Chemist: 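Can you keep this structure in mind? I'll have questions shortly.
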Protein chains: 2
Amino acid sequence: MKQRTTLKQIAKIFNVSIATVSKALKDSHEISIATKLKIQEYAKQHNYRPNSIALSLLNKKTKTIGVIMPSILNPFFVKTFSGVEQIANDKGYNVITIVSHGKLEKEITSINMLENGIIDGLLISLSEETEAKQHFKHLEEFIDNAGPIVMFDRVSDSINTDKVIVDDFNCAYKATEHLIKTGCKHISVVSTLDNVGIIKLRIDGYLKALEDYKIPVNKKIINVIKPGYDFETEIKTMLDYQKVDAIIGLEEFSAVESMIIAQDRGYTIPNAISIISFTNSDFFKYTKPSITCINQHSVFMGKTAAEILISRIEQPTDTNTIFQTKTIKTTLVERNSTKQIANNY
Amino acid sequence: MKQRTTLKQIAKIFNVSIATVSKALKDSHEISIATKLKIQEYAKQHNYRPNSIALSLLNKKTKTIGVIMPSILNPFFVKTFSGVEQIANDKGYNVITIVSHGKLEKEITSINMLENGIIDGLLISLSEETEAKQHFKHLEEFIDNAGPIVMFDRVSDSINTDKVIVDDFNCAYKATEHLIKTGCKHISVVSTLDNVGIIKLRIDGYLKALEDYKIPVNKKIINVIKPGYDFETEIKTMLDYQKVDAIIGLEEFSAVESMIIAQDRGYTIPNAISIISFTNSDFFKYTKPSITCINQHSVFMGKTAAEILISRIEQPTDTNTIFQTKTIKTTLVERNSTKQIANNY
DNA sequence: TTTATTATGTTAGCATTTGAACATTTTGCC
DNA sequence: GGCAAAATGTTCAAATGCTAACATAATAAA
């Protein structure tokens, strides 16, 4: 790596001031054509590029945004990230990504690190622990010191920012309703995430559907598996001791794993047990049977969140801004892990 | 967002110079305890954080690295990225991610953008087009102007940098050998990527295994599907008109899709046709049958690449550095899409 | 001579660090 | 007690790379 070309250097070579070089490179009319030409020529040849760090210091804008997610090894977040990346790049922003691994501590230190002026704004999906402990001071601090935040998917009402969410209540309702219409009566819900707001919403939607269709609730088949418990054991026990004719998996892995366990125990899918999963993973096409799922349009969600954030950055708002919450509509993608809707509906 | 706290501000409040504040916050012995205390107290209360942009300008280090990948909607790259993110964060670096979508143009503009001093170094897996056109000027320029590059997975010998690769030749060899040992004789290779160096290496490894085991080569079942051709049609045609008893998929999707198509056409897996895939996607466990694959240890690859890059950044090398190429060992993960090894081996 | 016009330079500012310089106080010694 | 030397506390100035407002100089036209 050789010495980077700077205005100063060029100025020295042509025996002019730094300002002249700066203006010449901007093709300012103030500078004579001859001077401009030779300076531009030299700059091009030496591959001059204005130092963006210096520019950032000057403009107090870095054209960089941050994204904090609980996980990246998860199709939902990968797709969301992909949407964010696309929009950010289109609009000339760089994206700094941080994975919180569900840990509040990591979230705090990362946000503190990003609070020093490196990013113009932040996209965040809260870590499990953050939601469980309802700790949001770090977010408020960021907003105070660094710039706007847009929360997506795992959001909190306690923080006043823009939000992009999925209609979790409704889509859980729709999924449950769909299963009911295909003749299921003992519908289980399985999740590995506890204390996460969206999970509560989904379960509420599920309960509401049961209520509306006058199906009794069996709490033993609402299976939120806490950390430390073995997924397989829990599901096996449930299948052995409870009547279950459908499973709604609240995350990809819950759904596929449950299906495999059920198949191993001899249940046919979808006749003995139907399966619906949240999140549309590309791989659901390839399982046997392919898995019916709720498409949360995660790429679109990422795009939307990034768009909102960038517009907030570019046209900062006054103190009494009203923040918006955008809800992404979900769709049910019917595949072969659910039965056809019965005639009497 | 209120006004960010700066040294200047604090200095004004206590009627001291900026330097005093700076030193006080660094707990310098030059400053009296009383002054230090009140300044530190105030700084803490007002949540002062040194502006990293100003520091970057001063130190010519941003503690940020870039990662450019052809795709992010691909388990291999996601895992690699995850490894990179972990190491970078451990070492206090931020990661800026850019997806080239296989396009040279995107790669060039991104690298130019990152050449302005925003990042201290770059990790890159070349886009398909870059490899096809053998265009590397942008990379050389980056190295000249901005800092070290470490290439991973899709690398080029034309560029003198550190590299982290997979032993593509050997693992294709091993996969082919494994199939041969389980009794397969008509082994097809399927890929959707053309003009990518690693694909050539893999095919070479495959050919070498055939040669060593004296199995005749049938070029019609080496199926590199060019853009514009329909995957399904190509595979169907191959299965209908050629004798095939095994398929090696050079990327996840090639493998799963091929398996599904074969199953649809009535072939049993693994008895009629065996399947081996490159890259260990978590979902290969959940297909029926589960898919035997080559674990490329992508997370580890990402970690290794990040470690090399950061050490290059932190202890810059002289002009005549010898760069290293690290090869990640792969392992064959046997599942149910391949037969057991026959007795006579 | 005055006034534009054209080309270039000066300065301040963005936030920070750091070694040198300065001023003040304390200490030591005769 | 007086004075130099040492210690202490604080400020200055330069540096990072760049821009923008303002200033200056020289030339040409009125």
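Because the structure is predicted, anything quoted here is derived from the model rather than measured. Proteins come first, then strands; the chains are lettered A, B, ... in the order of their sequence lines, and each starts at number 1.
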Chemist: Within the modelled atom types, does a donor on one side and an acceptor on the other bring the side chain of B/Lys61 and the base of D/dT16 under 3.5 Å apart?
Modeler: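 Looking at the base of D/dT16, it does not pair with any donor or acceptor on the side chain of B/Lys61 (distance under 3.5 Å).
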Chemist: Determine: side-chain N/O of B/Lys8 to OP1/OP2 of C/dC14, distance under 4.0 Å, yes or no.
Modeler: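 For C/dC14, OP1/OP2 do have a side-chain N/O of B/Lys8 under 4.0 Å.
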Chemist: Does the side chain of B/Asn145 pick up a donor-acceptor pair with the side chain of B/Glu141 at under 3.5 Å?
Modeler: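 The criterion, which ignores hydrogens and geometry beyond distance, is not satisfied for B/Glu141 and B/Asn145.
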Chemist: Within the structure, does a side-chain N or O atom of B/Ser22 lie under 4.0 Å from either OP1 or OP2 of C/dA15?
Modeler: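 Answer no for this pair, as no side-chain N or O of B/Ser22 is under 4.0 Å from OP1 or OP2.
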Chemist: Is the phosphate of D/dT19, meaning OP1 or OP2, less than 4.0 Å from a side-chain N or O of A/Lys23?
Modeler: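 No.
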Chemist: Do you know which two heavy atoms are closest between B/Phe142 and B/Pro148, and how far apart they sit?
Modeler: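 Taking B/Phe142 first and B/Pro148 second, the nearest heavy atoms are CE2-O, 3.9 Å.
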Chemist: Rounded to the Å, how far apart are B/Ile18 CD1 and D/dT10 P?
Modeler: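 Nearest whole value for this atom pair: 16 Å.
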Chemist: Surrounding CG of A/Asp27 (heavy atoms of other residues, nucleotides or ligands, distance under 6.0 Å), is the total greater than 12?
Modeler: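 For A/Asp27, atom CG is crowded (more than 12 foreign heavy atoms under 6.0 Å).
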Chemist: When the distance from CD1 of B/Ile31 to P of D/dT11 is rounded to whole Å, what number comes out?
Modeler: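 B/Ile31 atom CD1 is separated from D/dT11 atom P by 8 Å.
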Chemist: Once you round it to whole Å, what is the distance between C1' of D/dT19 and CG of A/Leu55?
Modeler: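 The answer, rounded to whole Å, is 8 Å.
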Chemist: Could you tell me whether the phosphate oxygens of D/dT11, OP1 or OP2, come under 4.0 Å of any side-chain nitrogen or oxygen in B/Thr20?
Modeler: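 Affirmative; the distance criterion is met.
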Chemist: Which residue lies toward the 5' end of DNA chain C, B/Thr5 or A/Ile33, if each is placed at its nearest nucleotide?
Modeler: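 Closer to the 5' end of DNA chain C: A/Ile33.
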Chemist: With nearest nucleotides of DNA chain D determined for B/Asn15 and A/Ser52 from heavy-atom distances, which residue corresponds to the more 5′ nucleotide?
Modeler: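 It is B/Asn15, whose closest nucleotide lies nearer the 5' terminus.
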Chemist: Does B/Lys36 get its side chain close enough to the base of D/dG9, under 3.5 Å, for a donor-acceptor pair?
Modeler: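 Not at all, since no donor on one side and acceptor on the other fall under 3.5 Å apart.
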Chemist: When the distance from CD1 of A/Ile53 to C1' of C/dT17 is rounded to whole Å, what number comes out?
Modeler: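 In whole Å, C/dT17 C1' lies 17 Å from A/Ile53 CD1.
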Chemist: Taking only Lys NZ, Arg NE, NH1 and NH2, and the carboxylate oxygens of Asp or Glu, determine whether A/Lys61 and A/Asp120 approach each other closer than 4.0 Å.
Modeler: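 Result for this pair is no, no salt bridge flagged.
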Chemist: Provide, to the nearest angstrom, the distance between the CD atom belonging to A/Gln9 and the P atom belonging to D/dA15.
Modeler: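 In whole Å, D/dA15 P lies 15 Å from A/Gln9 CD.
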Chemist: Counting heavy atoms from C-beta on, name the nucleotide in C/dT17, C/dT8, D/dG17 closest to the side chain of B/Leu58.
Modeler: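 Closest nucleotide to the B/Leu58 side chain: C/dT17.
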Chemist: Less than 4.0 angstrom between a side-chain N/O of A/Ser17 and OP1 or OP2 of C/dT10, yes or no?
Modeler: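 Checking C/dT10 against A/Ser17, no side-chain N or O comes under 4.0 Å of OP1 or OP2.
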Chemist: Strictly below 4.0 Å: does A/Thr35 bring a side-chain N or O up to OP1 or OP2 of C/dT8?
Modeler: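 For C/dT8, OP1/OP2 do have a side-chain N/O of A/Thr35 under 4.0 Å.
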Chemist: Which part of the nucleic acid, if any, lies within reach of B/Arg49 when heavy atoms closer than 4.0 Å are counted: base, sugar-phosphate only, or nothing?
Modeler: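 B/Arg49: backbone/sugar contact only, no base atoms under 4.0 Å.
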Chemist: Within a reach of under 6.0 Å around CZ of A/Phe300, are more than 12 heavy atoms found that belong to other residues, nucleotides or ligands?
Modeler: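 Counting neighbours around CZ of A/Phe300, 12 or fewer heavy atoms of other residues, nucleotides or ligands fall under 6.0 Å, so no.
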Chemist: Starting from C1' on D/dT16, measure out to CG on A/Leu7 and report it in whole angstrom.
Modeler: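 The distance from CG of A/Leu7 to C1' of D/dT16 comes to 12 Å, rounded to the nearest Å.
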Chemist: Quick check for you: among D/dC18, C/dA15, D/dA13, whose closest atom lies nearest to any side-chain atom of B/Ala19?
Modeler: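 Closest of the options to the side chain of B/Ala19: D/dA13.
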Chemist: In this structure, how many angstroms lie between the P atom of C/dA15 and the OH atom of B/Tyr48, rounded?
Modeler: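 After rounding, the gap between these two atoms is 10 Å.
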Chemist: Tell me the interatomic distance from A/Lys60, atom NZ, to C/dT16, atom C1', rounded to whole angstroms.
Modeler: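 Atom-to-atom, A/Lys60 to C/dT16, this comes out as 13 Å.
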Chemist: Identify which one of A/Glu131, A/Glu129, A/Glu128 satisfies the salt bridge (Lys or Arg N to Asp or Glu O under 4.0 Å) criterion when paired with A/Arg154.
Modeler: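 In the set A/Glu131, A/Glu129, A/Glu128, the residue that makes a salt bridge (Lys or Arg N to Asp or Glu O under 4.0 Å) with A/Arg154 is A/Glu128.
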Chemist: What nucleotide among D/dT11, D/dC18, D/dC22 has an atom nearest to a side-chain atom of B/Val16?
Modeler: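 For the B/Val16 side chain, the nearest candidate turns out to be D/dT11.
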